[in-house]
J.: 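One structure, as structure tokens, below. Some questions next.
Note that the structure is a prediction, hence the values are computed from the model and not measured. When reading the values below, keep in mind they use all heavy atoms of this one structure, side chains included, and skip hydrogens, waters and symmetry mates.
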Amino acid sequence: MAKPFIKDYSNDEELQKDIEKLKSQNVGENDIYVISHDDERTKRIAKNVGINTIGANEMGIGDAVKGAFDKKGDQLRKQLENIGFSETEAENYESEMDKGTVFLIVTRTDNVDTILAQ
């Protein structure tokens, strides 16, 4: 399984523009995710551009496991690991989320760099 594409953003509008670029190039909504520490921000961005947030359901984590996460950070790291990032990468990304960063994750990685560079 190829590692997902991931890019960090501090500007929600820039993130939303990039998502629109991806969608215009036939990257499926089911392959595009947004993740951040702020659930409301994540949901707002996803709703604005019609894509998914990474939640326990999307990651195949059952309710019993969901309850085992004590902190938001633990949950975010686990979600990142479940889609293909190493534990170290997940920790690094999660610490960036602590600082207010929001991440775009694309699970179908063909040409994502090229599309976003346009």
J.: State which residues pass side-chain contact (heavy atoms from CB on, under 4.5 Å) with Asn26; sequence neighbours excluded, sorted by chain then number.
T.: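 Testing Asn26 for side-chain contact (heavy atoms from CB on, under 4.5 Å), a comparison that skips the adjacent residues, returns none.
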
J.: Counting neighbours of CD on Glu87 that are heavy atoms of other residues, nucleotides or ligands and sit closer than 6.0 Å, is the number greater than 12?
T.: no

J.: What's the verdict on side-chain contact (heavy atoms from CB on, under 4.5 Å) for Leu104 and Ile6, showing C-alpha distance, side-chain angles and the deciding distance?
T.: CA-CA 6 Å; Leu104 165 68; Ile6 187 165; over 6 Å; no

J.: Can you spot which of Glu96, Arg41, Met97 makes a side-chain contact (heavy atoms from CB on, under 4.5 Å) with Val102?
T.: Arg41

J.: Would you compute the distance between atom CD of Glu94 and atom CD of Glu81 and round it to the nearest 0.5 angstrom?
T.: 11.0 Å

J.: Under 4.5 Å between side-chain heavy atoms, counting indirect links through other Ile/Leu/Val/Met/Phe/Trp/Tyr residues: same cluster for Ile83 and Val106 or not?
T.: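 Result: no, two separate clusters.
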
J.: Please tell me whether Glu89 and Ser86 have a donor and an acceptor in their side chains that are separated by less than 3.5 angstrom.
T.: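 Their side chains do contain a donor-acceptor pair, which is all the 3.5 Å distance test asks for.
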
J.: Val34 versus Ile105: any side-chain heavy-atom pair under 4.5 Å?
T.: no

J.: Quick one: salt bridge (charged side-chain N to carboxylate O under 4.0 Å, His left out) pairs with a partner in residues 30-39, sequence neighbours left out?
T.: Asp39-Lys72

J.: If hydrophobic clusters are built by linking Ile, Leu, Val, Met, Phe, Trp and Tyr wherever their side-chain heavy atoms come under 4.5 Å apart, do Ile35 and Tyr33 end up in the same one?
T.: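 Yes, it is one cluster - the side chains of Ile35 and Tyr33 are joined through contacts under 4.5 Å.
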
J.: Please tell me if the side chains of Phe5 and Asp113 come closer than 4.5 Å, counting only heavy atoms from C-beta onward.
T.: yes

J.: Would you compute the distance between atom CD of Gln25 and atom CG of Leu116 and round it to the nearest 0.5 angstrom?
T.: 10.0 Å

J.: Arg44 vs Asp12, test: side-chain contact (heavy atoms from CB on, under 4.5 Å). Steps then yes/no.
T.: CA-CA 10 Å; Arg44 184 176 63 247; Asp12 294 358; 3.6 Å; yes

J.: So which heavy atom on Arg108 is nearest to which on Gly28, and how close?
T.: NH1-N, 4.2 Å

J.: Who passes side-chain contact (heavy atoms from CB on, under 4.5 Å) against Lys21, sequence neighbours left out?
T.: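 By the side-chain contact (heavy atoms from CB on, under 4.5 Å) rule, Lys21 matches Asp18, Ile115.
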
J.: For a quick test of reading the model, state the closest non-hydrogen atom pair linking Pro4 to Gly84 and the distance between them.
T.: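 In this case the closest contact between Pro4 and Gly84 is CD-CA, 4.3 Å.
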
J.: Under 4.5 Å between side-chain heavy atoms, counting indirect links through other Ile/Leu/Val/Met/Phe/Trp/Tyr residues: same cluster for Leu22 and Val49 or not?
T.: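 Linked within one cluster.
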
J.: Please determine if Lys17 and Glu20 form a salt bridge, counting it only when a charged side-chain N lies under 4.0 Å from a carboxylate O.
T.: no

J.: Tell me, please, which residues at least two apart from Phe85 pass ring-ring contact (aromatic ring centres under 6.0 Å, His included).
T.: Tyr93

J.: Work out which heavy atom in Ser36 is nearest to a heavy atom in Thr42; give both atom names and the distance.
T.: OG-OG1, 2.6 Å

J.: Could you pull out all residues at least two apart from Asp98 that satisfy side chain to side chain donor-acceptor pair (under 3.5 Å)?
T.: His37

J.: Passes side-chain contact (heavy atoms from CB on, under 4.5 Å), Ile51 versus Lys23? Steps please.
T.: CA-CA 9 Å; Ile51 53 124; Lys23 288 172 62 180; 4.1 Å; yes

J.: Only counting residues at least two apart or in another chain, list the ones meeting side-chain contact (heavy atoms from CB on, under 4.5 Å) with Asp8.
T.: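 Thr101, Phe103.
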
J.: Counting C-beta onward and ignoring hydrogens, is there a side-chain heavy-atom pair between Leu80 and Arg77 closer than 4.5 Å?
T.: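 Counting from C-beta outward, Leu80 and Arg77 never come under 4.5 Å.
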
J.: Answer yes or no: is there a donor N or O on one side and an acceptor on the other, between the side chain of Asn111 and the main chain of Thr114, under 3.5 Å?
T.: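 Not a single qualifying donor-acceptor pair exists.
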
J.: Are Gln16 and Ile45 side-chain neighbours, meaning at least one heavy-atom pair lies under 4.5 Å?
T.: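 Gln16 vs Ile45: side chains touch.
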
